[in-house]
S.K.: 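Have a look at this one.
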Amino acid sequence: SSQVGVDDFGAAEVKIYPNPTSGIVTIEMPFEGNMTMMEVISMTGQMVLKREVFPNGGIITETLDLSDQAKGMYMVRIDGKSLPSTIMVK
């Protein structure tokens, strides 16, 4: 498949650690492209974080600080598509 982006990503290719987290969390995943948007969305649908990320050698490695956020589950969107794994802030 020559599809660019996150369409085909399974949970195995997306690493989120530590998870659950008390705030600092790293997301690591393959991504072809020079730049994309990463968004973190609460379960109530509120966007709590949005930033440009720059893959290095086809891999995104991005560390986020969610320690200001309420405890609970958060979805991550890359390039407008939700990742299969959620972040649990405890």
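Nothing fancy with the numbering, it's 1 onward along the sequence.
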S.K.: Quick one: does Asp65's side chain have a donor or acceptor within less than 3.5 Å of a partner on Ser67's backbone?
M.R.: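 Yes; judged by distance alone, with no hydrogens or angles, the pair exists.
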
S.K.: Using the side-chain contact (heavy atoms from CB on, under 4.5 Å) rule, take Met88 and Met73 through it: C-alpha gap first, then chi angles, then the decisive distance, then the call.
M.R.: CA-CA 5 Å; Met88 166 67 93; Met73 305 287 283; 3.3 Å; yes

S.K.: Looking at Gln69 and Val89, what are the two nearest heavy atoms and their distance?
M.R.: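 Scanning both residues completely, I find the closest heavy atoms to be O-CG1, 4.4 Å.
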
S.K.: Walk me through it: do Tyr74 and Ile41 pass the test side-chain contact (heavy atoms from CB on, under 4.5 Å)?
M.R.: CA-CA 6 Å; Tyr74 291 85; Ile41 294 107; over 6 Å; no

S.K.: Taking it one step at a time, do Thr21 and Asn19 satisfy side chain to side chain donor-acceptor pair (under 3.5 Å)?
M.R.: CA-CA 5 Å; Thr21 177; Asn19 196 15; over 6 Å; no

S.K.: If the test is side chain to side chain contact (heavy atoms under 4.5 Å, CB included), which one of Ile27, Val25, Thr26 qualifies with Thr63?
M.R.: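 When Ile27, Val25, Thr26 are each tested with Thr63, the side chain to side chain contact (heavy atoms under 4.5 Å, CB included) holds only for Thr26.
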
S.K.: Assess the residue pair Arg77 and Met38 against the criterion (side-chain contact (heavy atoms from CB on, under 4.5 Å)); give the C-alpha distance rounded to whole Å, side-chain angles, the decisive distance to 0.1 Å, and a yes or no.
M.R.: CA-CA 6 Å; Arg77 280 201 307 234; Met38 177 178 285; over 6 Å; no

S.K.: What's the spacing between Ile87 CD1 and Ser42 OG if we round to 0.5 Å?
M.R.: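 If we round to the nearest 0.5 Å, Ile87:CD1 and Ser42:OG are 12.0 Å apart.
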
S.K.: Do Val76 and Ser82 have side chains that get closer than 4.5 Å, going by heavy atoms?
M.R.: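 No, side chains not in contact.
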
S.K.: Please find the pair of heavy atoms, one from Glu13 and one from Pro30, that lie closest to each other, and give the distance.
M.R.: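 That closest heavy-atom pairing would be O-CD, 3.2 Å.
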
S.K.: What is the distance from atom OG1 of Thr61 to atom CE of Met29, rounded to the nearest 0.5 Å?
M.R.: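 The distance works out to 10.5 Å.
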
S.K.: Any salt bridge linking Arg51 with Glu62? Criterion: basic side-chain nitrogen under 4.0 Å from a carboxylate oxygen.
M.R.: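 Yes, this pair counts.
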
S.K.: If you compare all heavy atoms of Ser85 against all heavy atoms of Ile16, which two are closest, and at what distance to 0.1 Å?
M.R.: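 Heavy-atom minimum between the residues: CB-CD1, 3.7 Å.
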
S.K.: When you look at Glu28 and Ile59, which way does the side-chain contact (heavy atoms from CB on, under 4.5 Å) test go after all the steps?
M.R.: CA-CA 7 Å; Glu28 196 177 294; Ile59 302 282; 4.2 Å; yes

S.K.: Any heavy-atom pair between the side chains of Phe31 and Ile78 that's under 4.5 Å?
M.R.: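 Counting from C-beta outward, Ile78 and Phe31 do come under 4.5 Å.
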
S.K.: How close do Phe54 and Met35 get, heavy atom to heavy atom, and via which atoms?
M.R.: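 What the structure gives for the nearest pair is CE2-CG, 3.2 Å.
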
S.K.: Once you round to the nearest 0.5 Å, how far does CG of Asn56 lie from CG of Asn34?
M.R.: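 CG of Asn34 is found 11.0 Å from CG of Asn56.
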
S.K.: Same cluster or not: are Met75 and Leu64 linked, directly or through other Ile, Leu, Val, Met, Phe, Trp or Tyr residues, by side-chain heavy atoms under 4.5 angstrom apart?
M.R.: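 Each belongs to a different hydrophobic cluster.
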
